[in-house]
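Atoms considered below: every heavy atom in the structure, side chains included; atoms not considered: hydrogens, waters and symmetry mates. Below, chains carry the letters A, B, ... as their sequence lines are ordered, and counting in each starts from 1. Predicted, not measured: the structure shown is a model, and the values here were computed from it.
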Amino acid sequence: MNSTVSVLLFGITRDLTGQSALSIPIQTETRVGDLLDQVRQQYPALAGVRSLLVAVNGEYAEVDQTLTSKDEIALIPPVSGG
Amino acid sequence: MNSTVSVLLFGITRDLTGQSALSIPIQTETRVGDLLDQVRQQYPALAGVRSLLVAVNGEYAEVDQTLTSKDEIALIPPVSGG
Amino acid sequence: MIALTTDPIDVASALKYLQSSQAGAIDLFLGVVRDNTQDRPVDRLEYEAYDRMAISEMQKIADEAHQRWSILRYTIIHRKGTLLTGEIAVLIGITTAHRADAFEACRYIIDTIKQTVPIWKKEIFTDGEVWVNAHP
Amino acid sequence: MIALTTDPIDVASALKYLQSSQAGAIDLFLGVVRDNTQDRPVDRLEYEAYDRMAISEMQKIADEAHQRWSILRYTIIHRKGTLLTGEIAVLIGITTAHRADAFEACRYIIDTIKQTVPIWKKEIFTDGEVWVNAHP
């Protein structure tokens with residue numbers, strides 16, 4: 001079963017892509033690591049970012065976590081709050 | 001040459017002696033340690049105080065510092081500010 | 001109390017909130033917007049947050065601090081939106097019975113906020129802009 | 001800025017004083033009068049100082065902190081006279097470019113004040129009074 005997830009963008013990732021969310025096709029059993037590979041392939045501009053983490057439903061996710069189309073997914077570039 | 005110094009009291013030392021200053025006779029070359037001995041002899045009530053330091057002209061003094069009648073001398077019981 | 005706000009941070013109400021009948025110490029940390037740059041003066045800063053996650057991450061940090069130290073009251077307020085240099089970007093206030101707990105908890109919270117909370121800061125110059133920390 | 005005062009400590013004016021154009025961090029520590037006693041509730045506290053020496057000892061501590069850390073502005077205000085529980089007995093404020101300096105200097109100052117500054121505190125109960133720290 002193929003579907004599409006929306007990936008929220010913030011900070012530099014939004015500026016580099018010119019978008020505030022990306023539509024990324026995922027297959028069943030797509031993992032966080034696979035999503036990151038796909039995002040980097042589709043948006044080579046993101047290579048300049050020092051590190052990219054993924055949040056799933058508002059929590060930092062490990063690379064082997066499996067994604068579903070119901071998840072709220074976000075790319076987290078290096079934070080600079082405080 | 002004998003003279004008298006006034007020793008300022010604060011906190012518990014004032015309460016124990018009922019005075020805000022003591023008149024203590026000193027000889028030439030009296031040192032801080034001698035003064036403390038004399039104070040303790042004249043006012044045995046001060047024995048209950050955990051520690052007594054001496055300030056000379058607003059500075060903590062060592063026991064071997066020599067006193068003159070012009071010095072401003074104070075007993076410093078354990079502090080509890082802050 | 002945890003907040004993410006576009007309004008200027010009100011130190012006086014934070015202090016009022018931090019009062020406690022058993023309070024012996026209050027440590028209040030203010031992170032102030034500073035002009036980091038050497039040659040190019042910063043015009044303003046833009047703070048952006050992934051709101052939902054920023055709040056839950058700040059809550060996790062506060063919960064962890066509660067586990068580690070004896071805290072009577074706390075507040076963490078982070079600003080977002082446009083800030084000028086000199087403005088308060090973050091306030092952390094900790095009320096404890098004993099001062100060591102207040103200092104240690106406060107420092108733990110600000111150090112951890114800077115590592116994990118999804119908030120991003122962009123420095124805006126007259127001739128360009130830079131996301132802080134993003135590049136190698 | 002160092003002060004010993006019988007007036008209530010005004011946190012807002014201290015904060016105003018601590019502003020600096022290069023400020024990145026302000027750590028503000030408040031020592032609050034606490035009821036230390038288990039069984040006997042404290043009615044009030046009396047703080048007494050050897051004024052001249054208290055001020056010069058606080059100045060020495062501030063000078064030493066200036067040597068050790070990079071401090072932009074500081075204030076130390078100690079209250080004396082009659083205080084009720086919940087009132088601020090001491091305020092220490094440190095403004096720095098970087099937060100580690102603010103935390104470390106602030107903590108050094110309050111720790112050292114408690115060791116060396118000639119200020120004494122008496123707890124007053126309905127049925128007696130005790131000078132804190134004086135007895136073995």
Rounded to the nearest 0.5 Å, what's the gap from [atom1] on [X] to [atom2] on [Y]? Could you check?
X: Cys106(D); Y: Arg99(C); atom1: SG; atom2: CZ; value: 11.0 Å
X: Ile94(D); Y: Phe29(C); atom1: CD1; atom2: CZ; value: 12.5 Å
X: Arg107(C); Y: Arg107(D); atom1: CZ; atom2: CZ; value: 9.0 Å

Contact origin within [X] toward chain D - heavy atom pairs under 4.5 Å:
X: Ala25(C); answer: both
X: Val33(C); answer: backbone
X: Ala89(C); answer: neither
X: Ile88(C); answer: neither
X: Ala102(C); answer: neither

Would Asp27(D) and Asp27(C) count as a side chain to side chain contact (heavy atoms under 4.5 Å, CB included) if you check the C-alpha gap in whole Å, the side-chain angles of each, and the deciding distance to 0.1 Å?
CA-CA 7 Å; Asp27(D) 195 37; Asp27(C) 196 37; 2.9 Å; yes

Mind ranking Ala97(C), Ala12(C), Gly93(C) by heavy-atom pairs under 4.5 Å with chain D and telling me who comes out on top?
Ala97(C)

Proximal component of Ala100(D), with respect to chain C [non-hydrogen, under 4.5 Å]:
both

Ile26(C) vs Val32(D), test: side chain to side chain contact (heavy atoms under 4.5 Å, CB included). Steps then yes/no.
CA-CA 7 Å; Ile26(C) 298 175; Val32(D) 179; 4.2 Å; yes

Considering residues at least two apart in sequence or located in another chain, which fulfil the side chain to side chain contact (heavy atoms under 4.5 Å, CB included) criterion with Ser20(C)?
Gln22(C), Ala23(C), Leu72(C), Arg73(C), Thr95(C)

Go through it in stages, so that I can follow the logic: the residues are Val11(D) and Leu15(C), the test is side chain to side chain contact (heavy atoms under 4.5 Å, CB included), and I'd like the CA-CA distance, side-chain angles, deciding distance and then a yes or no.
CA-CA 9 Å; Val11(D) 180; Leu15(C) 264 175; 3.3 Å; yes

